[in-house]
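First the structure, in the form of structure tokens, and then the observations on it.
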Amino acid sequence: MQNAANTAESSATITSGVNEANFITHLRELFSTSKVVLAELMQNARRAGATKVFFNFVEGNLIVTDDGCGIDDFQKLIVVAESGWSDEIMASEQPFGIGFSSVSFSADSIIVESKGKRITFSSEDLIAKRPIAINQSAFIGGTRITLMGFKVSEQDAIKSLRLFAMGFPIEVIAGG
């Protein structure tokens, strides 16, 4: 009997996994008021080939616009650990694919517009894995991201942008 029990124990296996809802919820806790999202937005603009990135604050919202190549696949924005960057960027910078998720948790809701398309969602939509509609947009060039109810004050954001922009290889314009 002892050998049968040992055999049963040795044939059992386990495998790693991720509790997606808990993981995404914890990301929200980590990034909701982080100013690092500003650096992430700057970095994404640079990786997209932008020459300028604009940060404008309007009534508690942050609107970030760049003149980069735009977004081909909105799905890649909302999948953790799927960066969607070119093979060249992947090889040189090894982006982790969590950055835009951090941006998503820094506001009440997010509007992303690029190449004539738009998505609107909240972090709750991401956590619940709700479908996010891709709609038409009049915005064509580059990318425009509107963070509705941005959780970092304008004063703190501008102070952080000044620090992040020092030595940054593209022009960063805040508040006009």
Side-chain angles (χ1 to χ4, degrees), residues 24-25 27-80 82-85 89 95-165 168 170-176:
I24 294 171
T25 299
L27 287 177
R28 178 172 55 184
E29 306 288 324
L30 182 65
F31 291 117
S32 64
T33 59
S34 173
K35 293 176 228 62
V36 172
V37 300
L38 301 166
E40 180 65 30
L41 290 162
M42 290 169 54
Q43 180 174 276
N44 284 352
R46 180 190 53 78
R47 285 178 175 161
T51 60
K52 299 176 188 168
V53 59
F54 299 87
F55 292 81
N56 292 306
F57 298 87
V58 180
E59 298 175 11
N61 304 321
L62 172 61
I63 302 168
V64 183
T65 310
D66 70 52
D67 62 353
C69 66
I71 299 168
D72 290 320
D73 185 354
F74 284 114
Q75 177 69 40
K76 302 234 188 241
L77 284 180
I78 63 168
V79 174
V80 174
E82 182 69 46
S83 73
W85 292 108
I89 296 286
F96 185 64
I98 202 164
F100 196 78
S101 294
S102 68
V103 173
S104 301
F105 299 124
S106 68
D108 295 333
S109 63
I110 297 89
I111 302 168
V112 181
E113 298 172 279
S114 187
K115 296 187 173 185
K117 297 187 180 186
R118 177 185 72 241
I119 59 174
T120 303
F121 61 94
S122 67
S123 60
E124 286 77 22
D125 293 332
L126 297 180
I127 292 167
K129 297 181 81 172
R130 294 182 191 121
I132 298 168
I134 301 173
N135 297 303
Q136 296 296 100
S137 170
F139 186 82
I140 302 295
T143 300
R144 178 169 59 200
I145 300 169
T146 304
L147 302 169
M148 307 293 289
F150 188 55
K151 294 181 172 126
V152 176
S153 74
E154 180 176 349
Q155 182 180 3
D156 285 347
I158 288 175
K159 184 178 176 183
S160 295
L161 284 167
R162 283 189 181 121
L163 288 172
F164 296 148
F168 197 67
I170 66 172
E171 190 173 359
V172 177
I173 302 160

Trace of the side chain to side chain contact (heavy atoms under 4.5 Å, CB included) decision for F150 with N61: CA-CA 5 Å; F150 188 55; N61 304 321; 6.0 Å; no
Go through I63 and T146 one step at a time and tell me if the side chain to side chain contact (heavy atoms under 4.5 Å, CB included) criterion holds. CA-CA 4 Å; I63 302 168; T146 304; 3.9 Å; yes
May I have the step-by-step check of side chain to side chain contact (heavy atoms under 4.5 Å, CB included) for N44 and V103, ending in yes or no? CA-CA 11 Å; N44 284 352; V103 173; 5.5 Å; no
How far apart are the C-alpha atoms of V112 and K117, what are their side-chain angles, what is the distance that settles it, and do they pass the side chain to side chain contact (heavy atoms under 4.5 Å, CB included) test? CA-CA 8 Å; V112 181; K117 297 187 180 186; over 6 Å; no
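To the nearest 0.5 Å, atom CZ of residue F105 and atom CG of residue L147 are 13.0 Å apart. Note that CD1 of I78 and CD1 of I132 are 4.0 Å apart. Values are rounded to the nearest 0.5 Å. Here the CD1-OG1 distance, from I111 to T120, works out to 4.5 Å after rounding to the nearest 0.5 Å. To the nearest 0.5 Å, atom CD of residue E154 and atom CG of residue N56 are 9.5 Å apart. Expressed to the nearest 0.5 Å, how far OG1 of T65 lies from CZ of F54 amounts to 7.5 Å.
Considering only residues two or more places apart in sequence or on other chains, S114 meets the side chain to side chain contact (heavy atoms under 4.5 Å, CB included) condition with I71, F74, T143. Contacts of S137 classified as side chain to side chain contact (heavy atoms under 4.5 Å, CB included), with partners at least two apart in sequence or in another chain: E113, R118, F139. Under the rule for a salt bridge (charged side-chain N to carboxylate O under 4.0 Å, His left out), the partners of K115 that lie at least two apart in sequence or sit in another chain are D72. Under the rule for a side chain to side chain donor-acceptor pair (under 3.5 Å), the partners of D125 that lie at least two apart in sequence or sit in another chain are S122, R130.
The shortest distance between side-chain heavy atoms of V53 and I170 falls below 4.5 Å. When side chains are defined from C-beta on, I110 does not count as touching I119, because their heavy atoms never get closer than 4.5 Å. For the pair D108/K151, a side-chain contact is recorded, criterion being any heavy-atom separation below 4.5 Å from C-beta on.
For the residue pair E171 and I173, the shortest heavy atom distance occurs at OE2-CD1, 3.6 Å.
A donor-acceptor pair under 3.5 Å is absent between the side-chain atoms of D66 and the main chain of G142, judged by distance alone.
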Show me the donor-acceptor pairs within less than 3.5 Å that the side chains of residues 156-165 make with the rest of the protein, sequence neighbours left out.
unit_1: D156; atom_1: OD2; unit_2: S153; atom_2: OG; d: 3.4
unit_1: S160; atom_1: OG; unit_2: D156; atom_2: O; d: 3.1

